[in-house]
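Numbers here are sequence positions counted from 1.
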Amino acid sequence: MATEPEAAEPMVPSLVDRYFTRWYKPDVKGKFCEDHCILQHSNRICVITLAESHPVLQSGKTIKSISYQISTNCSRLQNKVSGKFKRGAQFLTELAPLCKIYCSDGEEYTVSSCVRGRLMEVNENILHKPSILQEKPSTEGYIAVVLPKFEESKSITEGLLTQKQYEEVMVKRINATTATS
């Protein structure tokens with residue numbers, strides 16, 4: 001008597017996959033492989049994270065520290081939001097730096113917002129435990145939360161790639177690196 005192969009368990013989508021749309025910004029500010037991922041919720045809030053291909057997540061680097069101090073006069077930690085209209089929030093452009101990641105090998109990476117909007121919060125947990133940025137980049141290791149203007153909420157995805165487009169970019173990168181080696 002032949003046994004029937006068991007049907008594979010259906011994959012239950014994660015919370016992120018269920019409620020957020022992933023958008024990608026490859027080679028931020030022209031820096032090769034420094035890709036960012038923007039998780040956009042249906043209520044238009046965007047969570048800024050590192051993409052899977054970012055060097056901090058790829059090459060087994062050790063994060064020494066993370067700093068939200070952008071310049072002598074600007075710290076993202078000083079962002080204080082209050083009220084219905086989010087008064088006091090810092091306004092960000094697409095290229096505005098959110099934080100700097102310092103690795104033990106001396107490398108330094110600047111994470112940009114990639115979307116225009118108001119800075120709602122930064123993830124202070126990664127300051128105390130930088131390893132969660134590498135362990136759980138899409139959930140507990142997020143960088144910041146940005147709220148785009150309502151009028152711009154549809155246009156913020158211009159210049160960003162969908163999951164499928166990003167995967168095509170990754171395949172081209174892999175093919176280019178294997179062709180040169």
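Aromatic ring orientation, His41 versus Phe20: perpendicular (interplanar angle above 60°, classes split at 30° and 60°). Note on ring orientation: taking the six-membered ring where Trp is involved, the planes of His54 and Tyr109 are perpendicular (angle over 60°, cut-offs 30° and 60°).
A heavy-atom distance below 4.5 Å is found between the side chains of Tyr24 and Gln163. Between Leu133 and Ile101 the shortest side-chain heavy-atom distance falls below 4.5 Å. Inter-residue side-chain proximity for Pro26 and Arg173 is flagged as met; some heavy-atom pair is nearer than 4.5 Å. Side-chain contact between Glu135 and Lys129 is present, with heavy atoms from C-beta onward closer than 4.5 Å.
Pairing each heavy atom of Asp27 with each of Cys33, the nearest pair is OD1-N, 2.8 Å. A pairwise comparison of heavy atoms in Val81 and Leu119 identifies CG2-O, 3.5 Å as the closest pair. Here the closest heavy-atom approach between residue Ile70 and residue Cys99 is recorded as CD1-N, 3.9 Å. Here the shortest heavy-atom pairing between Ile126 and Ile66 reads O-CD1, 3.6 Å. Between Val28 and Ser112, the shortest heavy-atom distance links the atoms CG1-OG, 3.7 Å. The heavy-atom pair separating Leu147 from Met120 by the smallest distance is CB-CG, 3.8 Å.
Within the 3.5 Å criterion, the main-chain N or O of Cys37 finds a donor-acceptor partner in the side chain of Thr49. Of the possible donor and acceptor atoms, none in the side chain of Glu94 sits under 3.5 Å from a partner among the backbone N and O of Ser113. Here the side chain of Lys29 pairs a donor or acceptor atom with the backbone of Leu95 at under 3.5 angstrom. With Gln165 contributing its side chain and Thr162 its backbone, the two residues share a donor-acceptor pair below 3.5 Å.
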Walk me through whether Tyr68 and Leu127 qualify under side chain to side chain contact (heavy atoms under 4.5 Å, CB included).
CA-CA 9 Å; Tyr68 284 108; Leu127 296 174; 3.8 Å; yes
Just do the side chain to side chain contact (heavy atoms under 4.5 Å, CB included) check on Ile143 and Val122 with the steps written out, would you?
CA-CA 6 Å; Ile143 305 291; Val122 294; over 6 Å; no
Given side chain to side chain contact (heavy atoms under 4.5 Å, CB included), test Leu39 with Arg22 step by step and report yes or no.
CA-CA 5 Å; Leu39 303 173; Arg22 290 179 189 266; 3.5 Å; yes
Could you go step by step and tell me if Glu168 and Leu161 meet the side chain to side chain contact (heavy atoms under 4.5 Å, CB included) rule?
CA-CA 10 Å; Glu168 290 170 3; Leu161 303 180; over 6 Å; no
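How far CG of Leu98 is from CG of Asn123: 11.5 Å, rounded to the nearest 0.5 Å. Atom CZ of Arg44 sits about 11.5 Å away from atom NZ of Lys149, to the nearest 0.5 Å. Note that the OH atom of Tyr142 and the CD1 atom of Ile132 stand 9.0 Å from one another [nearest 0.5 Å]. To the nearest 0.5 Å, the span separating SG on Cys103 from NZ on Lys61 amounts to 5.5 Å. Taking OG of Ser67 as the reference point, atom CD of Glu108 lies at 9.0 Å (rounded to 0.5 Å). In this structure, Thr157 OG1 and Trp23 CH2 are separated by 4.0 Å, a value rounded to the nearest 0.5 Å.
By the criterion of side-chain heavy atoms lying less than 4.5 angstrom apart, applied directly or through intervening Ile, Leu, Val, Met, Phe, Trp or Tyr residues, Val169 is not grouped with Leu160; the two fall into different hydrophobic clusters. In the hydrophobic clustering of ILVMFWY residues, with side-chain heavy atoms under 4.5 Å counting as a link, Ile38 and Leu92 come out together. Hydrophobic cluster membership differs between Phe91 and Val111, with clusters built from Ile, Leu, Val, Met, Phe, Trp and Tyr side chains linked at under 4.5 angstrom.
Residue-environment remark: OH (Tyr19) stays at or below the threshold of 12 foreign heavy atoms within 6.0 Å. Other residues, nucleotides and ligands place no more than 12 heavy atoms under 6.0 Å from the NZ atom of Lys172.
Between the side chains of Arg76 and Gln90, a donor-acceptor pair is found at a separation under 3.5 Å. In this structure, a donor-acceptor pair under 3.5 Å is present between the side chains of Tyr166 and Ser53.
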